[in-house]
Amino acid sequence: MASVWPLRPLKVTAAYLSLALLLATTGGPTARAAEPTTAWQARADQFLKLVNAGYQALYRVSNEAQWLASTDVSPVHDAASEAANQAMSAFTGNPAVIDEARALLARKADLAPLTVLELERVLLNAAEGPMTNPELVRQRIAAETKQASVLNSFTFRLNGREITANQIDSALATNRNLGERQAVWEASKESGRALKPGLVELQKLRNGVARELGYSNYFALQVAGYGMTTEEMIAVQDDFMRELRPLYRQLHTWVKYELAKQYHQPVPKLIPAHWLNNRWGQEWSGIVAAADLDNRFTNRTPESIVKTAEQFYTGLGFAKLPAGFWQRSDLYPVKAGDPRKKNTHASCWHVDLDHDIRSLMSVEPNERWFYTAHHELGHGYYFMSYTRPEVPPLLRIGANPAFHEGIGELIALAAGQVPYLQSVGVLPADFAPNQTDFLLNDALAHSVPFIYWASGTMTHWEADVYAHDLSPAQWNARWWEHVKKFQGIAPPADRGEELCDAATKTHINDNPCYYYSYAIATVLKFQLHDHIARHILHQPPQSCNYANQPAVGDFLRRILVKGGTQNWREVLREATGEDLSTKAMTQYFQPLMKWLEEQNRGREIGWD
Ligand code: X8Z
Ligand code: ZN
């Protein structure tokens, strides 16, 4: 079957045409045989035609309702979202759907590989709301809806006055008074207290739902999407941490001496959480003053931040975002005095698994939102690229969730490099960077400490809660054990079990057992970047410029157009010739290691 591609009116470049030709001549990576080759294939085709159609229609209804509930929290919107999700599960988790998918998968040898992938996805989707136990599914959806509502409408207060999430982040980025920092940090943790009861209920309900279709727990169900067991996923994450540990210990040491000097304090063993600019110590930004870009954005509008991000992608030969993106997205903070409550964490939505793509952000003109806007549009361009007839709605997903996270992370990494920033005027053309400062900032703000947060604290805590049924009476103690062990960070004061500091992180509530995906995405972004810098741009990975390089776009598009139609390990191998590895990441920061060792000479390294 000849592929109709590209589906959307994209800017046609020579490279585009050659890719289109390649897909046309090979039938594309996902082409289905025109005539079914076996009776089982014919039966599967029939079944999947119906399931894909029903899935896409209900996905849209459910996403429209969730969008409203996330951008304008109200009991009415919560009720509509809950009802739409019940309808979605009534279909995707229907026992007849489960039985047929299982019966067909028992005849794998008679089916096309794409069909097998679709059927496996049908079962993974069913496992989120298996109607073999409708009461359990109903309870889960009700509890998820309530939790999202508490999270999205939570009002932070500082000394009795309302404070927004952006204001919390700004205060932690700029205020140098440790007492005031502690008060802001503690205020930011109050949502956990409100979210704990719902999370206690969800621990049981999520695990119960996963067990219904034979998974041992909810964590196991989520990692099944990677073709891994819980133990395998934990081993991958522990390997990341082991391989990067020498670098992290050097960074940790350098940072604690630097911050102690900044705050006029003795050098601590562990870094106090409120000394860092990020509420969770996940990104250590703002420490390297010479590489801090915040003041470069103050004269820009929030709109220009999102537009600049779009231009990065169009410069690579991608189409402009659809007009609907600008009409339907919710990109900026709610205006002061407006009582509307919306989710404050950035996200990007493929509302109808077709061309309705939206982003929910609260963009302000600063470095953090500049980075985040590039990240979110990575999701948007992934959606746009795999929205084509050859990719059935069930497989309009990333090669795995880490690929989805990794594309925007890669572009954000590239958008933070000096030659690019100069080319778009964020930095002046005559700016003479100190390479070490920028590399150090790259490591601290977006990469290395992040791994210990993502692979360490987040992943291990969720594995404890779901795979090992950790009692809620031990949640906060365990959280801080992990923060200490993996991140080398300590709370400013004792944290009791009435608090639930894990639940202050959005994903713990609304995207459970997912966060290891960001760690994999971080490792992946360096692999892809290394390949692009060395083999496509022929520039040094630490200082290169993707701007207006369609060859980079072609390389990325070959990955993105596939969606979930090919095993992710093969996708990675085909793209880079490598398996998942921290080698590129370690090499990227290699020049920093020597510098750090010199700076830290005579200091006690690490915290254990
Ligand atoms: O949640 C996100 C994105 C939305 S998918 C903004 N990120 C993680 C986080 O903020 O915790 C991006 C990197 C890590
Ligand atoms: Zn993301």
Side-chain angles (χ1 to χ4, degrees), residues 124 127-128 199 202-203 206-207 209-211 213-249 280-282 398-406 409 447-472 474-489 501-503 505 507-509 511-527 567-569 572 578-583 585-586 608:
L124 284 173
E128 291 288 342
L199 197 60
L202 283 165
Q203 178 193 30
R206 287 170 178 161
N207 273 346
V209 158
R211 286 170 189 149
L213 286 203
Y215 294 92
S216 50
N217 60 75
Y218 195 74
F219 196 98
L221 166 59
Q222 297 310 304
V223 296
Y226 281 83
M228 288 189 203
T229 63
T230 301
E231 294 67 31
E232 285 165 349
M233 180 56 87
I234 296 284
V236 166
Q237 305 290 317
D238 288 351
D239 283 349
F240 289 169
M241 291 193 284
R242 191 170 37 74
E243 287 156 16
L244 293 160
R245 185 155 291 122
L247 178 56
Y248 186 50
R249 283 161 56 87
W280 303 275
Q282 71 180 64
N400 64 28
F403 268 80
H404 233 301
E405 300 302 343
E409 285 295 289
S447 308
V448 184
F450 182 76
I451 291 286
Y452 293 81
W453 151 254
S455 299
T457 303
M458 285 291 279
T459 297
H460 279 265
W461 191 82
E462 289 200 294
D464 288 343
V465 167
Y466 295 99
H468 309 124
D469 280 316
L470 182 70
S471 157
Q474 296 169 31
W475 280 4
N476 227 22
R478 183 63 60 87
W479 175 259
W480 286 103
E481 274 167 40
H482 287 334
V483 175
K484 176 179 176 187
K485 176 176 163 194
F486 296 116
Q487 297 178 265
I489 293 176
D501 292 321
K505 188 71 198 164
H507 307 71
I508 295 286
N509 302 288
N511 212 349
C513 305
Y514 178 87
Y515 215 88
Y516 44 77
S517 299
Y518 293 108
I520 301 177
T522 301
V523 169
L524 196 57
K525 86 174 165 184
F526 283 102
Q527 286 187 266
N567 179 287
W568 68 267
R569 293 181 197 274
L572 179 58
E578 293 173 1
D579 295 327
L580 186 67
S581 154
T582 53
K583 199 171 113 218
M585 182 167 176
T586 311
D608 36 13

Open item on the list: We want to know whether Tyr515 and Thr457 form a side-chain donor-acceptor pair, criterion being a heavy-atom distance below 3.5 angstrom.
Closed with: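 There is no such pair between these side chains.
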Open item on the list: Whether the Tyr518 and Trp453 side chains hold a donor-acceptor pair (N or O, under 3.5 Å, no angle test) is what I'd like checked.
Closed with: no
TODO: Look only at the side chain of Gln527 and the backbone of Asp579, and say whether a donor-acceptor pair between them is shorter than 3.5 Å.
DONE: yes
Distance-minimising heavy-atom pair for [X] and [Y]:
| X | Y | value |
| --- | --- | --- |
| Gln203 | Leu470 | NE2-O, 2.9 Å |
| Ala503 | Leu199 | CB-CD2, 4.1 Å |
| Ser471 | Trp475 | O-CD1, 3.2 Å |
| Ile234 | Ala463 | CD1-CB, 3.9 Å |
| Gly398 | His404 | N-CD2, 3.4 Å |
| Ser455 | Gln237 | OG-OE1, 2.8 Å |

- [ ] Under the side-chain contact (heavy atoms from CB on, under 4.5 Å) rule, what do Leu244 and Thr586 come out as? Steps first, then yes or no, please.
- [x] CA-CA 7 Å; Leu244 293 160; Thr586 311; 4.0 Å; yes
TODO: State whether Arg478 and Glu481 are salt-bridged, where the test is any N-O pair (Lys NZ or Arg NE/NH1/NH2 against Asp/Glu carboxylate O) under 4.0 Å.
DONE: yes
Task: Ion pair Asp608/Arg245, N-O distance below 4.0 Å - done: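 Result for this pair is no, no salt bridge flagged.
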Reported [atom1]-to-[atom2] distance for the pair [X] and [Y], which is rounded to 0.5 angstrom:
| X | Y | atom1 | atom2 | value |
| --- | --- | --- | --- | --- |
| Asn217 | Arg211 | CG | CZ | 6.0 Å |
| Glu409 | Phe403 | CD | CZ | 14.5 Å |
| Ile520 | Trp568 | CD1 | CH2 | 6.0 Å |
| Met458 | His482 | CE | NE2 | 11.5 Å |
| Ser581 | Leu572 | OG | CG | 9.5 Å |
| Thr230 | Tyr516 | OG1 | OH | 8.5 Å |

Open item on the list: Taking salt bridge (Lys or Arg N to Asp or Glu O under 4.0 Å) as the cut-off, I'd like each qualifying pair that reaches into residues 223-240, sequence neighbours left out, listed once.
Closed with: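 Every salt bridge (Lys or Arg N to Asp or Glu O under 4.0 Å) pair that includes a residue of residues 223-240, provided the two are not neighbours, is Asp239-Arg242.
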Task: side-chain contact (heavy atoms from CB on, under 4.5 Å) between Gln222 and Glu128, worked out - done: CA-CA 10 Å; Gln222 297 310 304; Glu128 291 288 342; 2.7 Å; yes
A side-chain contact here means heavy atoms from C-beta on lying under 4.5 Å apart; do [X] and [Y] qualify?
| X | Y | value |
| --- | --- | --- |
| Glu243 | Ile451 | no |
| Arg569 | Leu580 | no |
| Pro449 | Tyr452 | no |
| Phe219 | Thr459 | yes |
| Tyr215 | Leu124 | yes |
| Tyr226 | Ser517 | yes |
| Asp464 | Gln474 | no |
| Phe240 | Val523 | yes |

Open item on the list: So, using side-chain contact (heavy atoms from CB on, under 4.5 Å) as the criterion, who are the partners of Pro512 when residues are at least two apart?
Closed with: Arg206, Tyr218, Glu462, Tyr466
- [ ] Begin with the C-alpha distance, continue with both residues' side-chain angles, and end with the deciding distance and a verdict on side-chain contact (heavy atoms from CB on, under 4.5 Å) for Lys505 and Trp461.
- [x] CA-CA 12 Å; Lys505 188 71 198 164; Trp461 191 82; over 6 Å; no
Open item on the list: side-chain contact (heavy atoms from CB on, under 4.5 Å) for Thr522 and Glu405? Distances and angles first, verdict last.
Closed with: CA-CA 8 Å; Thr522 301; Glu405 300 302 343; over 6 Å; no
